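Below, chains carry the letters A, B, ... as their sequence lines are ordered, and counting in each starts from 1. It should be emphasised that the depicted structure is a prediction, and the values quoted were computed from it without experimental measurement.
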Amino acid sequence: MISTRFVLKRLLLLVPVLVGVASLVFSILHLSPGDPALTIAGERASEEFVRQVEESLGLNDPIWVQYGRFLADAAQFQFGESFIIQRNTPVREVLANKLPVTLELALYGQLIGISLGIPLGILSAVKQDSITDHLTRIGALAGISVPIFWSGPLLILLFAQMLGWLPTSGRISVLYNVEAIRVTGLVTVDTLLAGNWDMFVSAVRHMILPASVIGVYSMALISRMMRSSMLEVIRQDYMRTARAKGQGAKITVLKHGFRNAMIPVITVIGIQFGGLLGGAVLTETVFAIGGIGTLLVEAIKVGDYPIVQGTVLTFAFLFTLVNLGVDVTYSVLDPRIEQ
Amino acid sequence: MSAPPEPGDADADARPALERAAVRFRPVGTAALAGALVAAVWLAARLVVGDLSASVETTFALGSLAFGFGLLGWSGAVALGRGIESMQAHLDTGTGWTEADARRAMARILGFGLGVMLGATAVGSAVSAFVAAA
């Protein structure tokens with residue numbers, strides 16, 4: 001049973017993390033070259049108009065006043081409106097549209113990574129130094145070593161161009177209007193909720209390649225971690241005792257070993273998932289999926305400061321939430337951790 | 001045998017809460033004082049050269065950079081430190097990095113940044129008040 005005190009303590013840690021990130025964003029934007037007022041007003045705007053914009057944004061105030069106001073706004077998740085990417089659209093709205101795209105990609109990618117990585121890691125540990133172990137380790141090493149910007153186009157070339165099994169890019173076929181059935185923003189879920197089977201199949205087919213690219217990378221890391229963790233666990237006295245008492249090898253590993261070996265693996269899964277939520281920029285770019293990572297890169301390029309601020313703080317918030325989930329899972333797997 | 005108590009370790013002794021808090025916050029306070037002093041000296045030097053207002057902005061922004069980095073590092077160490085320690089142990093890549101050391105180091109950085117921010121604010125406000133009075 002998870003104690004409320006433990007969860008509250010972890011939730012409290014959200015505060016310094018978000019204040020820290022907000023301070024970093026504030027300082028980096030203030031130290032970087034470029035004038036937001038000039039960006040909004042346009043290069044050809046008169047000096048008087050630029051001053052007016054500065055005043056309306058509060059850029060004339062002392063920097064400590066601006067800092068305090070920025071922190072207060074960030075606490076309410078108010079970042080104003082985008083002034084370049086989606087002019088005059090509130091940042092919250094822009095993020096609400098883009099976040100589910102990245103969330104969906106990260107979820108499926110991680111699902112593939114976990115469902116392949118954990119069994120392979122266990123198999124590799126149980127059959128240490130066998131052909132299976134060597135093959136799994138080579139596969140894991142290859143998965144970590146091959147960069148996404150190379151494996152992505154190769155998969156497109158093979159499965160989309162040569163075999164023609166899967167689509168090359170996008171989230172769903174252009175024949176369907178997914179906005180009309182939007183509920184959660186996750187295309188596969190929305191199409192399922194709408195009961196439109198053809199749309200659902202199209203969404204799943206579009207998701208397979210990008211999720212696999214992410215999944216293979218995750219799988220490699222998870223299986224490596226699972227192997228080393230399981231190797232350590234199966235050498236423990238309690239495992240030997242269970243076997244000596246006549247318990248089968250499979251049951252011993254799955255019943256006594258698995259839970260204990262999972263603790264460090266959960267850390268890796270949490271950190272990886274948080275990283276993916278922070279924007280699988282390369283995957284999104286290769287497969288032309290307009291997620292939050294691509295949005296951030298675009299916003300930095302064009303100098304859309306409100307979007308940059310909002311996106312970075314959203315990343316930080318999600319990352320911390322994922323780590324809270326990891327901590328809670330820890331305490332379920334091993335209640336001593338709460339102490 | 002248990003390890004000897006370290007300064008700032010709240011569980012290590014049974015001293016009064018105020019005293020324990022003082023021990024814990026002393027490194028942060030010292031770093032903040034150093035930061036404020038550095039900011040004041042730097043801004044005084046800039047006052048001689050001129051263009052103080054831009055310097056106050058840059059100094060404050062640099063202070064908030066250090067503060068943000070320290071705060072993020074501190075909370076990261078608190079939240080993930082034990083996990084990272086165990087991950088290092090499992091991967092057999094131990095470097096001697098510990099959660100407690102990281103936490104203390106980050107507390108000093110955030111203290112220094114806070115000091116710089118406060119120093120820049122004080123100097124900036126004082127100069128603004130002086131200019132307004134003149």
Original post:
What residue in B/Ala120, B/Ser125, B/Gly76, B/Gly113 has the most heavy-atom pairs under 4.5 Å with chain A?
Top reply: B/Ser125

Original post:
Are there more than 12 heavy atoms of other residues, nucleotides or ligands under 6.0 Å from atom CD of A/Gln128?
Top reply: yes

Subject >> B/Phe67 side, atom CZ; A/Phe26 side, atom CZ - distance, nearest 0.5 Å >> reply: 12.5 Å

Subject >> OG on A/Ser23 to CG on B/Leu71, rounded to 0.5 Å >> reply: 6.5 Å

Original post:
In terms of heavy-atom contacts, does CD of B/Glu19 have more than 12 from other residues, nucleotides or ligands at under 6.0 Å?
Top reply: yes

Original post:
What part of A/Pro62 gets closer than 4.5 Å to chain B, counting heavy atoms only: side chain, backbone, both or neither?
Top reply: neither

**OP:** Among A/Val17, A/Thr267, A/Thr320, A/Leu18, single out the residue with the greatest number of heavy-atom pairs under 4.5 Å to chain B.
**Re:** A/Val17

**OP:** With rounding to the nearest 0.5 Å, note down the distance linking CZ in B/Phe69 to OG in A/Ser27.
**Re:** 11.5 Å

Original post:
Is the number of heavy atoms from other residues, nucleotides or ligands within 6.0 Å of CZ (A/Phe77) greater than 12?
Top reply: yes

Original post:
Do you know which of A/Val326, A/Leu31, A/Val268 has the most heavy-atom pairs with chain B at a distance under 4.5 angstrom?
Top reply: A/Leu31

Subject >> Check against side chain to side chain contact (heavy atoms under 4.5 Å, CB included), B/Met117 and A/Tyr67 >> reply: CA-CA 10 Å; B/Met117 287 162 76; A/Tyr67 178 72; 3.4 Å; yes

**OP:** Output the option from A/Ile63, A/Val21, A/Val15 having the highest count of non-hydrogen pairs under 4.5 Å with chain B.
**Re:** A/Ile63

**OP:** Could you grab the distance from atom CH2 of A/Trp64 to atom OG of B/Ser64, nearest 0.5 Å is fine?
**Re:** 13.0 Å

Subject >> Contacting region of B/Ala66 [heavy-atom separation from chain A under 4.5 Å] >> reply: neither

Subject >> B/Ser128, part contacting chain A, at a heavy-atom distance under 4.5 Å >> reply: neither

